[in-house]
Every structure is written in C-alpha cells, then in structure tokens.
Asks: 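Please see the structure below; I have some questions.
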Amino acid sequence: MAAEPDAFPATRDGDVEAERDPDSLREQIADLERRVAKEEERRRALLHIMGDLNESNRKLGDQRKAMLHILGDYEDDRSRLARQTERLDNSRRALLHILKDSHESNLRLGDSRKAMIHIMGDLRETTQEMEHREQELREKQEQLVQAGKLATLGELTTGVAHELNNPLNNIGLFIGNVLDQVRLGSFKDEEVIEELENAMEQVRKATAIISHLRTFGRAAPVSLEPVDVDDVIERSLLLMQEQLRLRGIEELDLSPDTLIVLGNAIQLEQVFINLLTNSRDALAESRGKTIRIATTADADWIRIRFSDTGPGIPRELEQRIFDPFFTTKEVGTGTGLGLSITYSIVKEHRGNIGVEPRRGRGANFLIELPVMKELPPEAILQ
C-alpha cells in the first residue's frame, strides 16, 4: 500500500507556512479518500486474485495427483502390455513349433498311410490265402470224414453180410416152396401169391439195407435240416443189428418225446455208428455185454448217452481219445479216426461230446446237441 502524503506540504524556499484554505483541504481529503478507496479496491482485487491463485494451485495439485495416478496406471498398463506382448511372442513361437510338428506329423501320417495301404494289401492277400487254406482244409476234412465212413463200412462188412444173408435165405425158401408146388402139381393160387409176397417183403428189406449203405457211403454236400435223433439212432442200429444180436448186446432207452435238432442225418448216423463200433469192440473180452443208449432233453439241449460194460477208458487217456490217429487197439485193427471224426461232427453241429466219469467199469460218452426251437432256412455247414 502507498505511503500517505504529508498533511502540510512544504513551502517554497524563503516562504513562511501560510494558513491553509479549507476548500483546498477538503479537496485534498477527498482526493486522499479516493486514493484510499482505489487502493482498497486494489487490495480486494489482489485478495481475490490470491484466492483464485490458491484455488488454481489446489486444482493444479489435484491435477498433479490425478496425473501421477494416470502415470501409475499407464506404467501398470505398460507392464501388462509388455507381459502380454511377451506371452503373445511365446504363443507365436509355440504356434510355430506346433505348425512345425503338425507338418512333421502330416509327413509321418502320409508315410503311415502309405504303410497302412501296404499293410492292407498284405492283409488282403493274407486273407485270400487263409480263405484258400480254409477251403482246402474244409475239403480235406470232408475227405477225412468220407474216409472215416468208408472205414466204418469196411468194418461193418461182416455184419452187413449177415443182414443181407437172412432176407436172401428167406427169399430162397419162399421161392423154393412155390417151385415145389409147381413140380408136385399142387399149385394153389392163394398159397403161391402168399409165398411170393413174403419173398417180395424180403427183397424190400434187402433193398432198404443196400440203399441205406449207399446213402451212408455217398459223398454229398452236408445240408442242414430238422433231424429226429431217435430215428437216426434206430437207423444206425439197423446196420449193426445183426452184429449186436449175435453178441447179445443192445439196450435202448429212447425218449418218448420227439427230439429234433438242426443237423445232418448221415453225419449224426456216422457219430452213433462210431460209438457203437467202439463199444462193440470194447465188449469183445467182457462177460456181461451190454450197450445202453439213452436219450433225454430239456428246454435247450438234447443229451444222448452211450454206455457199455467194457473195461472203460483210463483217466489219463480221456483227454487224448479225440486226437486224430490215437487208438488203444492193436496195430491193424483201428485207424484212430473214429472218435476224432465224431468230435469234429458234433462240434460242427454246435454240440459237445465228452467222457463222463462212471462208477464201476465201462465207458460212458455224453453227447449234447442244441434243441431246434424254430425251423430255419436251408443252410450248408461251413
């Protein structure tokens, strides 16, 4: 604030202080008041400016703090961006590595595909070779079965001769009676017709035996059809009936129910004849000679048991008797194929065969065949 002016100004050199004029004083006082008011206004303006300056300083401080906070956030963002850039770079390198591995995998996959194509070609050739071998094996098995049938027919030759001898003798007897009546002149139509009818009956019996032998020994496709097990057993006994009768052996216990399986009658007949032949031979040196055939059934299986009163099968041989060419008979009296072929045929019919333990002496074979529950279409055994 400016200094106040002197109330009484100095006079010129050599003049004495004059008395002051009141009007002049009033003007001076008014001038002084104006000057004081102006200075007051300046002071107030200065105070206002100082307030504005303080407010600006405060706002500037707040802005500085905000700027520092923004700079801190910026630094944090920059750090995060640096880390993200580093991770992105790592991801880029990893992606390049993956792409490289993928390229190498594609190359290996291409090689693997070529190798797989080569393997598939080899597998196709191998499969064709296996099918060819299976066909050859199937043909060999059919030949083996046929050889077994022929061997069985060879063993049955003596019995079949007896089977045919009886009707031939009867035919000769009936024809002889007719010739005697003609020679003696006592020819009676009724008696001659009766004798000739009896002779024809014996001819039909011999024809049935021969037809059965031809059917049994014929090589033919193995077709599946409904088969009555008891009928097949009775036809098997027809070929061996005379042999068993002469030895006094046979006992049947067939089921009263109709036992139907899906199979081949000729093959099943071969199974039963093989078992009957084994039992017949086993009873050669036995005193009590009995072969018992029993059939039973439940909802799923038909069971056929062949038992005899022979010496039986040693326990240590039970696992070997179904092996090809294994036999306990003397050299020249057996081929060792009977039970092996029997086992193969039963398995082809989806059945089972085994030796059951039996108290006392004798052998006991159990055959299980599945019951045919519905009539299927015709099929060929593979």
Side-chain angles (χ1 to χ4, degrees), residues 1-5 31-141 224 262 299-301 319 344 347-352 368 370-371 373-374 376-377 379-382:
M1 191 170 90
E4 295 182 2
D31 182 60
L32 288 173
E33 288 177 352
R34 285 191 299 272
R35 291 172 69 181
V36 170
K38 186 179 292 186
E39 291 299 329
E40 182 65 23
E41 290 178 358
R42 288 179 179 178
R43 188 183 66 81
R44 289 176 180 175
L46 182 61
L47 290 175
H48 184 71
I49 290 171
M50 290 298 292
D52 291 343
L53 184 60
N54 288 334
E55 182 67 21
S56 297
N57 288 335
R58 186 183 63 79
K59 292 181 179 179
L60 184 61
D62 293 340
Q63 291 176 356
R64 181 177 175 274
K65 291 179 182 178
M67 184 62 69
L68 291 175
H69 184 70
I70 291 172
L71 289 174
D73 292 343
Y74 170 75
E75 186 63 26
D76 292 340
D77 292 342
R78 191 182 66 81
S79 300
R80 285 196 297 271
L81 182 60
R83 290 193 297 271
Q84 289 176 356
T85 302
E86 184 180 359
R87 287 197 296 269
L88 183 61
D89 188 58
N90 293 335
S91 299
R92 184 182 63 83
R93 287 195 295 268
L95 181 60
L96 290 175
H97 184 70
I98 291 172
L99 289 174
K100 181 180 178 182
D101 290 345
S102 177
H103 178 67
E104 294 176 354
S105 298
N106 287 335
L107 293 177
R108 289 194 296 269
L109 183 61
D111 294 338
S112 299
R113 181 175 176 275
K114 293 177 182 177
M116 183 62 70
I117 293 174
H118 182 69
I119 292 172
M120 290 298 293
D122 292 344
L123 183 60
R124 189 179 301 107
E125 293 178 359
T126 303
T127 302
Q128 293 175 351
E129 181 67 19
M130 288 181 61
E131 291 175 352
H132 179 67
R133 296 295 183 186
E134 287 178 357
Q135 180 63 29
E136 289 183 348
L137 179 60
R138 193 176 299 113
E139 293 174 356
K140 297 297 182 184
Q141 288 176 338
L224 291 173
L262 180 64
D300 298 316
W301 295 95
Q319 301 300 322
S344 175
K347 287 299 180 181
E348 285 181 356
H349 284 73
R350 303 186 303 279
N352 302 299
E368 294 179 317
V371 174
K373 297 182 180 181
E374 58 182 8
I380 301 296
L381 279 178
Q382 299 297 322

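Throughout, numbering of the chain's residues begins at 1 and tracks the sequence.
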Asks: When rounded to the nearest 0.5 angstrom, what is the spacing between CD1 in Ile70 and CE in Met67?
Replies: 5.5 Å
Asks: Say you draw a straight line from CZ of Arg87 to CG of Asn90; how long is it, rounded to the nearest 0.5 Å?
Replies: 9.5 Å
Asks: Tell me the closest heavy-atom pair linking Asn352 and Trp301, and the distance in Å.
Replies: ND2-CH2, 4.0 Å
Asks: Mind checking side chain to side chain donor-acceptor pair (under 3.5 Å) for Asn57 and listing every partner two or more places apart, or none if nothing turns up?
Replies: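 Side chain to side chain donor-acceptor pair (under 3.5 Å) list for Asn57, sorted by chain: empty.
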Asks: Rounded to the nearest 0.5 Å, how far does OG1 of Thr127 lie from CE of Met120?
Replies: 8.5 Å
Asks: CD of Gln128 to CG of Leu123: how many Å apart, nearest 0.5 Å?
Replies: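 Taking CD in Gln128 and CG in Leu123, the distance rounds to 10.0 Å.
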Asks: A quick test of your reading: do over 12 heavy atoms of other residues, nucleotides or ligands sit less than 6.0 Å from CZ of Arg58?
Replies: yes
Asks: Who passes salt bridge (charged side-chain N to carboxylate O under 4.0 Å, His left out) against Asp122, sequence neighbours left out?
Replies: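 Partners of Asp122 under the salt bridge (charged side-chain N to carboxylate O under 4.0 Å, His left out) test: none.
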Asks: Rounded to the nearest 0.5 Å, what separation is found between the CZ atom of Arg113 and the CG atom of Asp111?
Replies: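 Interatomic distance, Arg113 CZ to Asp111 CG, rounded to 0.5 Å: 11.5 Å.
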Asks: Would you say that Leu81 contacts Thr85 through its side chain, given a criterion of any heavy-atom pair below 4.5 Å between the two side chains?
Replies: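 Side-chain contact under 4.5 Å: yes.
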Asks: Under a 4.0 Å N-O cut-off, is there an ion pair linking Arg78 with Glu75?
Replies: yes
Asks: Using a strict 4.0 Å threshold on nitrogen-to-oxygen distance, state whether Glu39 and Arg42 make a salt bridge.
Replies: yes
Asks: Specify the closest pair of heavy atoms between His349 and Leu262, including all atoms of both residues, with the distance to one decimal.
Replies: CD2-O, 3.9 Å
Asks: Could you pull out every donor-acceptor pair under 3.5 Å between side chains of residues 94-106 and any protein atom, sequence neighbours left out?
Replies:
from, atom 1, to, atom 2, distance (Å)
His97, NE2, Asp101, OD2, 3.1
Ser105, OG, Asp101, O, 2.8
Ser105, OG, Arg108, NH2, 3.2
Asn106, ND2, Ser102, O, 3.2

Asks: Any Lys/Arg nitrogen of Lys59 or Asp62 sitting under 4.0 Å from an Asp/Glu carboxylate oxygen of the other?
Replies: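 No, this pair does not count.
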Asks: Are Glu40 and Arg43 within salt-bridge range, i.e. N to O under 4.0 Å?
Replies: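 So Glu40 pairs with Arg43 through a salt bridge.
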Asks: Distance check, rounded to the nearest 0.5 Å: Arg93 atom CZ versus Leu88 atom CG?
Replies: 10.0 Å
